[in-house]
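The structure appears below as structure tokens.
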2 protein chains.
Amino acid sequence: MSRNPRKNTSPRATIDDVAAEAGVSIATVSRVLNGITHKASAKTQQHVLDVVARLDYRPVHAGRALRTMRSALVALFVPDTSNMFYATIADAIASHLKDSGSSMILCNTRDEPAIQDRFLEEMESHLVNGIVLLGAVDSPGLRQAVANRLPVIFLNRRPPAGVDAPYIGVDNPLAGREVAEHFLERRWIPAGAIHGPLTSSASRGRYQSFRTQLARAGVKLEKRFVQPADLTIASGYQAAVDMLSERPYPRAIFCGNDLIAYGLYWRCCELKIRVPSELAIFGFDDNPLNEWLAPWLDTVRVPYEDYGAAVARALSLLSESPRRRIPREVILPHRLVIRR
Amino acid sequence: MSRNPRKNTSPRATIDDVAAEAGVSIATVSRVLNGITHKASAKTQQHVLDVVARLDYRPVHAGRALRTMRSALVALFVPDTSNMFYATIADAIASHLKDSGSSMILCNTRDEPAIQDRFLEEMESHLVNGIVLLGAVDSPGLRQAVANRLPVIFLNRRPPAGVDAPYIGVDNPLAGREVAEHFLERRWIPAGAIHGPLTSSASRGRYQSFRTQLARAGVKLEKRFVQPADLTIASGYQAAVDMLSERPYPRAIFCGNDLIAYGLYWRCCELKIRVPSELAIFGFDDNPLNEWLAPWLDTVRVPYEDYGAAVARALSLLSESPRRRIPREVILPHRLVIRR
DNA sequence: CATTATTAGGAAAACGTTTTCCCTGAAGAG
DNA sequence: CTCTTCAGGGAAAACGTTTTCCTAATAATG
């Protein structure tokens, strides 16, 4: 019978109300709701479910979390919310999480270690079931978190050296080589590159293997045709200003991501450089806006949609067997997108 | 002294550990951490804080939530995560929430009532401190939620008729009138419009007062120069295909938002219509990408940044005085952005 | 028939907080 | 000196779950 006979004043029914109304104990209600079928007869189960529906009972997560020390929450860390590429991945992940009953807390780290660490602490306090680091940056708190066995997953950027945690992403070095091959086929020489921060494994992998693959074919990147940039439009624009300060221009430029490519394109417009006939631009990510706003852009398509399922799968493995071996990395397929 | 002498095996310290270590009761620890200064001497407070720091203690939210029936969570409902306009607002809100110690759960409703209702139920179970509806859609669950006194706030779109809840947003009808005035000044006649779903108070307000203001000056919108669309690029493109199927074209078109304008622009490019000299395009929102990708677009700037503070403020009012009168609406200033 | 195994379910402990009482000692008022 | 007030702090209840034991009745086995 109900444990707590006090009448419930709030508009919401609790498990006690359900138990009282159904004439069973709260243990039974809990078990039925959690699908523990072998502890209650079919008749009882159905009866409880009926009462649950009638009272519109829904368990409060806090109670469950307190008992099980696991919440129905997953945190997604994103370095830049304004990048649609990340937004799309966030959406894919959120929709898969919803299928497994979890909600997603969004944390914008702005690529700053201090902010990331504050969020890591906060998410630990929330007992989140997973911390998905889309574009993590190295930080003391990150290493601490992994050491404390927090359920972290690295997305898109590999864990920093010495940190052992699962990784999901594309094969950046392979993609970089393929882009180089494309440059060579098209005789896009001299070639240039505006690469992202080399502290990021993704940016580094793309750029370095692009460069070495060209070198293998005897093509050197001129020093002034290589510029670093942050992964933003503004930064790409600035790099373009520097690189295109005098002629001759490179025949084509490989950019660390699509936003950099947007910035470069803007500068090309200002300089009346025709894209791609005069100067071709190659990006990375295949930002969903490209189709409409950047038909001039060749790029590497990263399979957003697949991220959602991959993350959901990794998280479920992580939670059901925190200590067992789970795949250390999942490599998703990319694809070069060449626009006419 | 400590209530629970059992040794804590987990890596994380609990309030019991802190109390034991500091030689005080858990009540005192709790009070110190919550800033109840008049229940502990300054010396005790400092001592407790020292121990808290030494043990790296951080309260588990679930315990607190269970006791207080309020979590440190706020839900943000968004109709379309892939719209950078919404992403930017989400970011502004999240960063203000973080300042007040809350985290943000992101819910993508896809503008569908059924999905919105599922999220509403889920968020109620999470005991969220606020549900911020950025672009709400009418639904049974929404009315239920307001009736149940859930802490909802309407952003950008007003609550549906008969629903009493606070609203934060711009003055859409005023903006629509101003755009009409601009059209008249520039002699942009004949004018056209691709408006968003008229079920949305925002889309309706913009479009209708644009139309009536033109009418007041004796300018009628021709029927074939008015098309409905969803607030997406693809839908804007489709509307443009229909509207521009034959000449003559309108001199300028007012779009329900910037994404529609992007779709329209794409069609103009296909048809070799010069923008804006031949056909001017006016959008709404001032998508952050415009600066770089859509220099041809005039638009209405909605003050993203102000949304964060306004929401944080409304939420704090809502939580500290759930029944007291709080402002029924907060109107933020907009501004016409006219690009050369 | 006597024993054992199984099924169905309940009582109560636990999870980590906050908060309501309550108590003690000391200071202040008369 | 007695009475009141107040500052400082503790014990324990409560929040809503899940889960570990435990028990009673029934079914299976010898």
Side-chain angles (χ1 to χ4, degrees), chain A residues 1-20 22-48 52 55 57-72 101 124-127, chain B residues 1-20 22-48 52 55 57-72 101 124-127:
Chain A
M1 295 300 261
S2 163
R3 172 192 48 167
N4 185 350
R6 178 187 46 77
K7 84 172 163 204
N8 183 350
T9 92
S10 112
R12 290 251 53 101
T14 79
I15 198 172
D16 290 290
D17 301 328
V18 176
V24 299
S25 75
I26 62 170
T28 299
V29 176
S30 173
R31 289 194 272 250
V32 170
L33 257 46
N34 289 321
I36 317 281
T37 60
H38 64 99
K39 295 285 283 185
S41 69
K43 202 185 319 169
T44 307
Q45 293 188 44
Q46 191 53 54
H47 180 214
V48 168
V52 163
L55 299 189
Y57 166 69
R58 283 186 307 275
V60 163
H61 285 296
R64 181 179 305 209
L66 197 51
R67 177 61 225 240
T68 63
M69 282 298 145
R70 347 192 41 258
S71 68
E124 182 178 10
S125 295
H126 272 296
L127 302 173
Chain B
M1 296 298 265
S2 162
R3 173 191 48 168
N4 185 352
R6 179 188 46 76
K7 83 173 165 207
N8 184 352
T9 91
S10 113
R12 289 251 55 100
T14 80
I15 199 173
D16 290 292
D17 301 328
V18 176
V24 299
S25 74
I26 62 169
T28 298
V29 176
S30 173
R31 288 195 272 248
V32 170
L33 258 47
N34 289 322
I36 317 282
T37 60
H38 64 99
K39 294 286 281 183
S41 69
K43 203 184 320 169
T44 307
Q45 293 187 45
Q46 191 52 54
H47 181 216
V48 168
V52 163
L55 300 189
Y57 166 71
R58 283 187 306 276
V60 163
H61 286 296
R64 182 179 304 212
L66 197 51
R67 178 61 226 241
T68 64
M69 282 299 147
R70 344 190 46 257
S71 69
E124 182 178 10
S125 296
H126 273 295
L127 302 174

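Letters A, B, ... are given to chains in the order of the sequence lines, protein chains preceding strands, and every chain is numbered from 1. Only this structure's heavy atoms are used, side chains among them; waters, hydrogens and symmetry mates stay out.
- The shortest side-chain heavy-atom distance between B:Ser30 and B:Ile15 falls under the 4.5 Å cut-off.
- For the pair B:Asn34 (side chain) and B:Arg31 (backbone), a donor-acceptor distance under 3.5 Å is absent.
- Atom P of nucleotide D:dT18 and atom CZ of A:Arg70 are separated by 13 Å, given to the nearest angstrom.
- In this structure, B:Ile15 places its CD1 atom 14 Å from P of C:dC15, rounding to the nearest Å.
- Taking every side-chain heavy atom of B:Val24 into account, D:dG10 is the closest of D:dG9, D:dG10, C:dG16.
- When atom types are taken as modelled, the side chain of B:Ser125 and the backbone of A:His61 share no donor-acceptor pair closer than 3.5 angstrom.
- Considering only the side chain of B:Lys39, D:dG10 comes nearest among D:dG10, D:dT18, C:dG10.
- Contacts of B:His47 classified as ring pair (Phe, Tyr, Trp, His ring centres under 6.0 Å), with partners at least two apart in sequence or in another chain: none.
- Here the C1' atom of nucleotide C:dG9 and the CG atom of A:Leu33 are 16 Å apart, to the nearest Å.
- Nearest-nucleotide mapping onto DNA chain C: of B:Arg58 and A:Gln45, the residue sitting toward the 5' end is A:Gln45.
- For the OP1/OP2 pair of C:dT19 and a distance below 4.0 Å, the side-chain nitrogens and oxygens of B:Ser30 include no atom meeting the criterion.
- Of the candidate nucleotides C:dT19, D:dT17, D:dG16, C:dT19 has the atom lying nearest to any side-chain atom of B:Arg31.
- Here the side chain of B:Ile26 is nearest to one of C:dT17, C:dC15, C:dG10, namely C:dT17.
- In this structure, A:Ile36 atom CD1 and D:dC21 atom P are separated by 16 Å, rounded to whole Å.
- If you measure from atom CG of B:Asp16 to atom P of C:dT17, you get 8 Å, rounded to the nearest angstrom.
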Could you go through residues 37-46 of chain A and list every donor-acceptor pair under 3.5 Å that involves a side-chain atom there, pairing it with any protein atom two or more places apart or in another chain?
from: A:Ser41; atom 1: OG; to: A:Thr44; atom 2: N; distance (Å): 3.2
from: A:Ser41; atom 1: OG; to: A:Thr44; atom 2: OG1; distance (Å): 2.8
from: A:Gln45; atom 1: NE2; to: A:Thr37; atom 2: O; distance (Å): 3.1
from: A:Gln45; atom 1: NE2; to: A:Ala40; atom 2: O; distance (Å): 2.9
from: A:Gln46; atom 1: NE2; to: A:Asp50; atom 2: OD1; distance (Å): 3.1

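- Side-chain N/O atoms of B:Ser41 include one lying less than 4.0 angstrom from OP1 or OP2 on D:dG9.
- In this structure, B:Thr68 does not reach the C:dT19 phosphate: none of its side-chain N or O atoms is under 4.0 Å from OP1 or OP2.
- A close approach under 4.0 Å does occur between a side-chain nitrogen or oxygen of B:Thr28 and OP1 or OP2 of D:dG10.
- One atom, CG of B:Leu127, and another, P of C:dT17, lie 17 Å apart when rounded to the nearest Å.
- Considering only side-chain N and O atoms, A:Arg64 lies under 4.0 angstrom from the phosphate OP1 or OP2 of D:dT18.
- Nearest nucleotide to the side chain of A:Met69, out of C:dC15, C:dA11, D:dG9: C:dC15.
- Looking at heavy-atom distances under 4.0 Å, A:Ala62 makes no contact with the nucleic acid at all.
- Position along DNA chain D of the nearest nucleotide to B:Gly63 versus B:Thr44 favours B:Thr44 as the more 5'-ward residue.
- Note: CD (A:Glu124) to C1' (C:dG16) measures 14 Å, nearest angstrom.
- One N or O donor and one acceptor, one from the side chain of A:Arg67 and one from the base of D:dT18, sit under 3.5 Å apart.
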